[in-house]
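Right, one structure below, let's go through it.
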Amino acid sequence: MTARITGLSTRLLTLPLSRPWGPDVRENHVIATEVRTDDGGTGQGFAWTPPIGPRAVQALLDHDIAAFLPGREAKPDTVWDALWLHLHEAGGGGLTTIAMAGVDLALWDLRARSAGQSVTELLGRRQEAVTVYGSGVNLHYGQDELVAQVERWVGEGKTAVKIKVGKPDIREDVERVSAVREVLGPDRKLMIDANQRWDLPTTLRAIDALGGFDLEWLEEPLRADDLWAYTRLRKQSSVPIALGENVHTTPGSGTSPPPVPWTSSSPMWCGWAGSPRSGASWNWPGRTASRWPPISCPNSPGRWPSPSRNGYGSRTWRTPPSSTSVRSPARPPSRSPTAASPPRAGTAWGSPSSADQPPARAAEHGARVHQEEDTMTATPDTSAPETSTAELDDLAAAATTAAAIAAAASDAERASWLTAAADALDAHVDELVEIADAETHLGAPRLRGEVARTTGQLRLFARVITEGSYLEAVIDHADASATPPPPDLRRILRPIGPVGVFSASNFPFAFSVAGGDTASALAVGCSVIVKAHSGHLRLSERTAEILGAALEGAGAPEGILALISGREAGTELVKHPAVKAVGFTGSIPGGRALFDLAVSRPDPIPFYGELGSLNPVVLTAAALSARAPELADGLAASFTLGAGQFCTKPGLVFLPAGTDFQDQLRKAVASKGSAPMLTERIAEAYPEGLQHLAAQQDVTVVSGSVEQDAPADGAAPVVFSTTAATVLANPESILEECFGPTTVLIEYRDQDELAKVLSVVPGSLTATVHAQPDEDVAALVTQLSELAGRVLFNGWPTGVAVNWAQQHGGPWPATTSLFTSVGATAVRRFQRPVAFQDAPESVLHPALLEANPLGVPRRVDGVLVPAGVSVS
């Protein structure tokens, strides 16, 4: 005969935390429960809650539940069902279920005591030991504390770890997860728990940022009861998703199970975590098959499985990675942008613009910054919302139409567009410089010069396309006398189509919205979609507005220029089928990720990326003997220019051993103060890079301090010194770009050692030789020519002329292509050759006509023919 319940009593236990979980969680509460039966038996249970609601749970137990239980059989299954029906008017989940859990656990404990077993034995335990993982409430820990905690767990032999994520800035989560993964190594498992802190767009961006750390699962990123959001998430994520600990039974969830599989891990409240398929049910002894049973885990409130189930554990269903694109709701159309109402990123100029969407911008993030133009790690700005995929589709469609019109326009027409754009930027220089200085801290003099360089290169490309040689027109006439007789072939370069351009952080004008990539693409007849840099969003928007209005006013087609914003939008830009090439200026990690994406598309496209560069400088003994003070002054001025945030900064300086050049340079650097950096993230990364270099064996600090607070005080110059032998022994760690006002002196013993150490230097944009006129440096120049795209003599690389002869590119990782991103031949990147065989003149480009009406230079039957000469 089953015993009947005679009473229920509770105690509220307040448990102070030795280390508060945060300002709002300084203690936890356990409501201990005791069920008594008429045969003298007792069972102990508990309900648990964080600071919210413990007294409410206790009141529910002491009044409604305590009054309901007496006289009922002490059967966990029947009591649970009866209690749920009794209490469901107060809600089928939340506090109601937590209170019920305390009774449920007590009844199972009562049954186990009667059987002389533990609760786990009664439930059908099949293992004496289970795998455990290190886990703690550690979101409020500093990174050093978190790493120390994980190191303790690893020292205790744990093979898996779970940590909390959900910092306000996703970059902090990236840094913390990266640090923990470094401690764990590749073989231990790493799980992360966001504790319902994110919405769906934020979760997708977080997965994009954190998924590369080989996560075992991501736990409860979204609200636990937003099951349809989890459905969408699971379809778009390859990272297993864990949920369940905050779902309070099927009735409590308020919705039907979503039709997708999940991962469920250690449910804490009640362990219902969805069904392996829509409409499925679990059959439990004593229950109807149509009902979803509430279940839980052994150490917390909720519904335990029936004793006939063999053990308790998490259930995992995995789905293959999905390539589904993330789409945000499209914004409705609005008025075209005006000066009084600045446009939002995601607008095409000369075409219908878009109104606002909720300001949920992506936090852009990545590895430690060692390159100034880092579109992946800059400080986010919430002044413009992220461009949705739907918006990008609209902009790309407009760009496709515009590209066809631009390609059909004459060179003179396109030249007039570029000239009008340059004139407009010059007319607004005061306004633009003011905005740029506020966002980048580069100073008005430097920024005014950059505007002049930007408008100058727009005008240069206008001259390039009207001169005509950029078309590379070639005519080979048919020759009936040859064996075999060749046909008439005429080849020309044609625009490639819509181009994606990624702005740089360190050149907010010259490598941004109106920069060289945009100018060279527009010149040849491509449309352009620019991904704004988050370090100067306001400037990007205003520049695009001015540029777009000028283009439209000059007769350029609608959709010729568009601006988008957000990291996810940038990724989608590279993947978009309408985009035919991409220009990028940024970091090695960010550039490599996008480069791989571009070439792994179903239709791979060219990716013209400018990435990292160390720009080696070689000082000969004769040069040092003749002009050491002058060289020290020049080097100090060059590597500190713009707080060392130039892509051409001399980062490595090779000099003979045994000179006093270190002392000379120390004196020259003494007059150089600290300076603000482009973004807070770059400023934070600078001391990290310094400390990394200082930590290398046999690397010493010649001048300055590696202990800096660059975000608060600005970046101060630091000079390091080491030897060629040290570099050869550890090239990967020493030959790593540290972005900021720092350089490394490397002493070599002889020419052979110099040649050996130069052979391990990565590809660079520049290489510099300081030698005396009578020195034989031919072999050295040959080696440097293989290493860099531009070789300088007796000068400094921080300065790039914009003209016909310039080559701004170099071997990997300096760039991803053979072409230049600065100068006249930059247009070659956005063109492709097309040959016409035996074609009638009516379909030929004017440059290929016999009469040469454009008067462009051509190669005819193998002979270069000057401009203005027709075929005789």
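Since the structure is predicted, the reported quantities are computational estimates derived from the model, not experimental observations.
Residues Leu392 and Ile564 meet the side-chain proximity criterion, which asks for heavy atoms closer than 4.5 Å. Inter-residue side-chain proximity for Val161 and Arg188 is flagged as unmet; no heavy-atom pair is nearer than 4.5 Å. Taking the side chain as every heavy atom from C-beta outward, Phe654 and Pro616 approach each other to under 4.5 Å. Side-chain atoms of Tyr748 and Leu758, non-hydrogen and from C-beta on, never get closer than 4.5 Å to each other. Using a 4.5 Å heavy-atom threshold, the side chains of Phe720 and Val702 count as separate. Side-chain contact between Leu690 and Cys738: present, with at least one pair of heavy atoms (C-beta onward) separated by less than 4.5 Å. When side chains are defined from C-beta on, Leu597 counts as touching Lys575, because their heavy atoms get closer than 4.5 Å. Proximity of Val719 to Thr742: side-chain heavy atoms (C-beta onward) are nowhere separated by under 4.5 Å.
Of the possible donor and acceptor atoms, none in the side chain of Ser764 sits under 3.5 Å from a partner among the backbone N and O of Ala788. Side-chain atoms of Thr722 come within 3.5 Å of backbone N or O of Asp698 as a donor-acceptor pair. For the pair Asn195 (side chain) and Arg197 (backbone), a donor-acceptor distance under 3.5 Å is absent. With Arg181 contributing its side chain and Val177 its backbone, the two residues share no donor-acceptor pair below 3.5 Å. Put simply, the side chain of Glu572 never gets that close to the backbone of Thr389: no donor and acceptor are under 3.5 Å apart. A donor-acceptor pair under 3.5 Å is absent between the side-chain atoms of Tyr608 and the main chain of Thr815, judged by distance alone. No donor-acceptor pair under 3.5 Å is formed between the side chain of Arg152 and the backbone N or O of Glu156. With hydrogens and angles ignored, the 3.5 Å screen pairs no side-chain donor or acceptor of Gln696 with any backbone N or O of Leu693. Of the possible donor and acceptor atoms, none in the side chain of Gln708 sits under 3.5 Å from a partner among the backbone N and O of Ala715. Judged purely by atom type and a 3.5 angstrom limit, Tyr230 uses its side chain to pair as donor or acceptor with the backbone of Leu222.
Rounded to the nearest 0.5 angstrom, Leu210 CG and Leu190 CG are separated by 9.5 Å. The structure places CG of Leu218 at 7.0 Å from OG1 of Thr203, a figure rounded to the nearest 0.5 Å. Atom CD1 of Ile682 sits about 7.5 Å away from atom CG of Asn506, to the nearest 0.5 Å. Considering OG of Ser587 and CD of Glu737, their distance stands at 9.5 Å, rounded to 0.5 Å. Note that NE2 of His692 and CD1 of Ile734 are 8.5 Å apart. Values are rounded to the nearest 0.5 Å. How far OG of Ser503 is from CZ of Phe511: 11.5 Å, rounded to the nearest 0.5 Å.
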Start with the C-alpha gap between Phe607 and Phe584, add the side-chain angles, then the distance that decides, and say whether ring pair (Phe, Tyr, Trp, His ring centres under 6.0 Å) holds. CA-CA 7 Å; Phe607 183 87; Phe584 173 89; 5.6 Å; yes

Begin from the C-alpha positions of Val718 and Ser705 and carry the test side chain to side chain contact (heavy atoms under 4.5 Å, CB included) through to its verdict. CA-CA 6 Å; Val718 177; Ser705 172; 5.8 Å; no

Determine, stepwise, if the pair Lys164 / His140 fulfils side chain to side chain contact (heavy atoms under 4.5 Å, CB included). CA-CA 9 Å; Lys164 303 290 184 180; His140 58 300; over 6 Å; no

Can Asn28 and Trp48 be said to form a side chain to side chain contact (heavy atoms under 4.5 Å, CB included), step by step? CA-CA 8 Å; Asn28 278 326; Trp48 174 84; 3.7 Å; yes

Stepwise side chain to side chain contact (heavy atoms under 4.5 Å, CB included) test for Phe502 and Val574: CA-CA 10 Å; Phe502 284 72; Val574 177; 3.7 Å; yes

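More than 12 heavy atoms of other shown residues, nucleotides or ligands fall within 6.0 angstrom of atom CD in Gln691. For CG of Leu728, the number of neighbouring non-hydrogen atoms (other residues, nucleotides, ligands) closer than 6.0 Å is greater than 12. No more than 12 heavy atoms of other residues, nucleotides or ligands lie within 6.0 Å of CD in Gln697, so this atom counts as exposed by the packing criterion.
Looking at Trp153 and Glu151, their side chains never bring a donor and an acceptor atom within 3.5 Å of each other. With hydrogens and angles left out, the side-chain atoms of Asn138 and Gln149 include a donor and acceptor closer than 3.5 Å. For the residue pair Asn615/Lys649, the side-chain donor-acceptor check at 3.5 Å is not satisfied.
Summarising the geometry of Leu765 relative to Ala814, their closest heavy-atom pair is N-CB, 3.7 Å, with the distance given to 0.1 Å. Taking all atoms of both residues into account, the shortest heavy-atom contact from Pro731 to Ala729 is CD-C, 3.6 Å. Taking both residues in full, the closest heavy atoms of Ser821 and Glu610 are given as OG-OE1, 3.4 Å, listed atom of the first, atom of the second, then distance. Between Met191 and Ala160, the shortest heavy-atom contact is CE-CB, 4.1 Å. Annotation for Gly704 and Val701: closest pair O-CG1, 3.3 Å, computed over non-hydrogen atoms. Considering every non-hydrogen atom in both Ala194 and Pro221, the closest pair reads CB-CA, 3.7 Å.
With sequence neighbours excluded, the residues forming a side-chain contact (heavy atoms from CB on, under 4.5 Å) with Thr723 are Ala725, Thr726, listed by chain and number. With sequence neighbours excluded, the residues satisfying side-chain contact (heavy atoms from CB on, under 4.5 Å) with Gln143 are Val147, Glu175, Arg176, Ala179.
Ion pairing between Asp173 and Lys167 fails under the 4.0 Å rule for side-chain N and carboxylate O. Salt bridge annotation for Asp214-Lys189: absent, with no cationic side-chain nitrogen under 4.0 angstrom from a carboxylate oxygen. Ion pair Glu753/Lys756 not flagged as a salt bridge, since none of the NZ, NE, NH1 or NH2 atoms sits closer than 4.0 Å to an Asp/Glu carboxylate oxygen.
For the pair Arg223 and Trp198, the NZ or CZ position fails the cation-pi test of under 6.0 Å to the six-membered ring centre and within 45 degrees of the ring normal.
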